[in-house]
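The block underneath contains the structure these notes are about, expressed in structure tokens.
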Amino acid sequence: MSRELLSLDFYGSEIIAALVSFDEETDTLRLRRAVRKPCHGFAGAFVRDMYTAQRELAAVFEEIAEYTAGPLSVIVGLRGHFLSFKRASGFQSVSSRNRIIGRHDIEAALHNSIPTTLSDTLDVIDVLPQSYTIDGNVGIINPRGMAGFTLEVETFLSLALATHVKTLTQIFHDCDCPDFQLMPAIVAQADALLLAGEKESGALLLDIGPTTCSAAMYYRGTLVEAWEIPFGQNRLAQAVADLLQNDLETAQEVLKTYEPGTDEIVDEVLEEANAELLQAIKKELLHSLLYLQHPSTQLVLSGTAAQKALLKPCKKIFGARKVRLAAPEDLLTDCGEARTPVYAGALALISHILSREVQEMGVTQEKPAGLIDGLLDKLGLNELF
């Protein structure tokens with residue numbers, strides 16, 4: 001059996017879309033269609049003009065519709081300054097002695113990790129479980145089906161300004177797409193693009209886009225911090241303009257068509273401009289206490305600015321032992337251009353959501369409710385069967 005999933009990554013001044021077919025029997029992904037559309041009505045996932053935004057999003061859906069006939073699972077990747085992130089913890093007492101921990105207990109613990117003092121101006125976009133503790137036993141990945149008295153969970157919360165989310169939701173409803181899942185793109189990218197060893201040893205993911213930079217940091221296998229930085233390649237273009245003593249538009253045109261190695265002077269200017277961009281990103285990260293406490297030994301780069309020319313200055317400026325370019329793995333594709341860095345976010349959204357689905361399935365399977373199920377539920381044994 002196969003499913004079709006569509007991810008939409010609001011990336012700078014473009015909508016990046018990926019249509020993927022997921023074969024559940026072979027556990028394989030096939031990219032069927034990749035789309036890049038200008039989005040003048042959006043700035044990231046922030047709506048600047050309702051009419052223009054609706055028209056541009058409808059054009060994406062119209063193009064994708066030519067390649068699919070069945071139902072679609074739609075995942076929307078969010079980027080922008082209206083996002084914020086927070087580590088939290090939740091607690092749930094299991095309702096009866098030695099009751100088997102089930103889905104409802106886990107959901108309650110996750111819900112209880114959301115602070116009651118959270119501002120009304122914020123919406124919780126995602127609650128990412130990091131690890132569980134049962135009766136003081138820490139480091140549990142999935143507690144479902146286990147026995148215990150108390151359940152605790154460490155979570156990573158993704159928050160967004162409620163007004164921005166409401167406006168974006170209205171645009172999707174106007175495009176006849178009422179059912180979709182919001183997900184911060186950087187959380188999905190960090191999970192999907194970083195290797196297990198990198199997460200354990202400590203790694204920093206930088207996705208440098210046209211107008212923003214998204215970053216996420218793992219430490220000892222846990223996502224500990226994420227950032228939305230309000231500049232990206234536009235800062236690089238400005239640095240090139242300053243160094244060449246040109247206007248910004250001229251510098252942008254030079255960068256669009258320039259091939260590294262064709263002009264020694266421009267190569268030197270780009271090297272200095274790249275260093276300035278990375279220094280500016282590092283300065284933003286240094287505002288975080290967690291970044292100061294756990295400096296990453298490994299860096300992974302993605303996004304439109306991810307290129308080999310950044311590897312060497314990244315090592316020097318961030319003091320990293322290893323730096324590499326991110327690349328989606330285990331992907332069959334009918335679109336060769338989709339392996340370019342700009343599509344990394346859209347593909348990571350799908351990989352991350354599917355991974356979360358597998359983890360949330362747990363060690364048991366759902367069964368239709370019946371008389372025996374009611375009795376087992378009263379005894380606290382229903383999760384065993």
Side-chain angles (χ1 to χ4, degrees), residues 9-16 36 39 42-46 77-81 83 85 184-194 198 203-218 225-243 248 251-252 254-256 258 260 269-288 291 296 298-320 322-328 339-349:
D9 187 12
F10 289 87
Y11 200 60
S13 58
E14 293 182 309
I15 300 176
I16 310 298
R36 294 178 67 177
C39 55
F42 294 94
F46 173 69
L78 301 184
R79 300 176 187 269
H81 65 280
L83 292 173
F85 306 93
I186 189 59
V187 172
Q189 285 181 271
D191 174 57
L193 299 179
L194 294 179
E198 292 170 336
L204 174 68
L205 173 70
L206 293 179
D207 184 279
I208 307 174
T211 57
T212 61
C213 174
S214 301
M217 184 174 69
Y218 268 81
E225 186 65 286
W227 304 265
E228 290 290 325
I229 300 171
F231 56 82
Q233 279 184 300
N234 54 346
R235 177 69 68 91
L236 177 66
Q238 185 61 60
V240 170
D242 293 342
L243 291 166
L248 182 58
Q252 289 173 335
V254 169
L255 293 176
K256 282 182 182 178
Y258 181 71
V269 168
L270 277 173
E271 184 178 351
E272 188 172 344
N274 281 328
E276 288 187 20
L277 172 61
L278 295 174
Q279 289 282 12
I281 292 172
K282 182 180 179 181
K283 184 177 179 180
E284 292 288 328
L285 300 182
L286 286 173
H287 293 153
S288 168
Y291 179 79
S296 300
Q298 301 182 70
L299 258 69
V300 178
L301 304 177
S302 67
T304 55
Q307 51 186 302
K308 292 182 179 180
L310 284 182
L311 299 182
K312 186 176 180 180
C314 269
K315 279 189 177 182
K316 180 179 179 181
I317 292 170
F318 288 91
K322 291 182 179 180
V323 183
R324 70 173 179 88
L325 302 180
R339 292 197 179 275
T340 57
V342 71
Y343 288 100
L347 296 172
L349 284 164

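Position 1 is the first residue of the sequence, and the numbers go up from there.
The minimum heavy-atom distance linking Ala190 with Ala216 is given by the pair CB-CB, 3.7 Å. Contact record, Ala226 with Ile186: CB-CG2, 4.4 Å, taken as the closest heavy-atom pair. Of all heavy-atom pairs spanning Leu206 and Cys213, the tightest one is CD2-SG, 4.3 Å. For the residue pair Tyr218 and Asp191, the shortest heavy atom distance occurs at OH-CA, 3.9 Å. Summarising the geometry of Asp9 relative to Gly345, their closest heavy-atom pair is OD2-CA, 3.6 Å, with the distance given to 0.1 Å. Nearest heavy atoms, Ala326 versus Leu193: CB-CD1, 3.9 Å.
Here the straight-line distance linking atom OH of Tyr343 with atom OH of Tyr11 works out to 12.5 Å at 0.5 Å rounding. Atom CD in Glu225 sits 4.0 Å away from atom OG in Ser288 (nearest 0.5 Å). With values rounded to the nearest 0.5 angstrom, Leu205 atom CG is found 8.5 Å from Ser214 atom OG. Between Met217 atom CE and Leu204 atom CG the span is 7.5 Å, to the nearest 0.5 Å. Considering CD of Gln238 and CZ of Phe231, their distance stands at 13.0 Å, rounded to 0.5 Å.
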Between side-chain atoms of residues 275-286 and protein atoms elsewhere (two or more places apart, or another chain), which donor-acceptor pairs fall under 3.5 Å?
from, atom 1, to, atom 2, distance (Å)
Lys282, NZ, Ile317, O, 2.8

Report, one line per pair, each donor and acceptor closer than 3.5 Å where one atom sits in a side chain of residues 298-311; sequence neighbours left out.
from, atom 1, to, atom 2, distance (Å)
Gln298, NE2, Ser201, OG, 2.6
Ser302, OG, Gln189, NE2, 3.2
Ser302, OG, Asp207, OD2, 2.7
Thr304, OG1, Ile208, O, 3.4
Thr304, OG1, Gln233, OE1, 2.5

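Judged purely by atom type and a 3.5 angstrom limit, Glu228 uses its side chain to pair as donor or acceptor with the backbone of Gly80. With Asn234 contributing its side chain and Gly232 its backbone, the two residues share a donor-acceptor pair below 3.5 Å.
Taking the side chain as every heavy atom from C-beta outward, Asn274 and Leu236 approach each other to under 4.5 Å.
In this structure, the ring pair (Phe, Tyr, Trp, His ring centres under 6.0 Å) partners of Phe85, at least two apart in sequence or on a different chain, are Phe156.
Using a 4.0 Å cut-off between charged nitrogen and carboxylate oxygen, Glu198 and Lys322 do not count as a salt-bridge pair.
In this pair, Phe42 and Phe10 present their aromatic rings tilted. The plane angle is within the 30 to 60° band.
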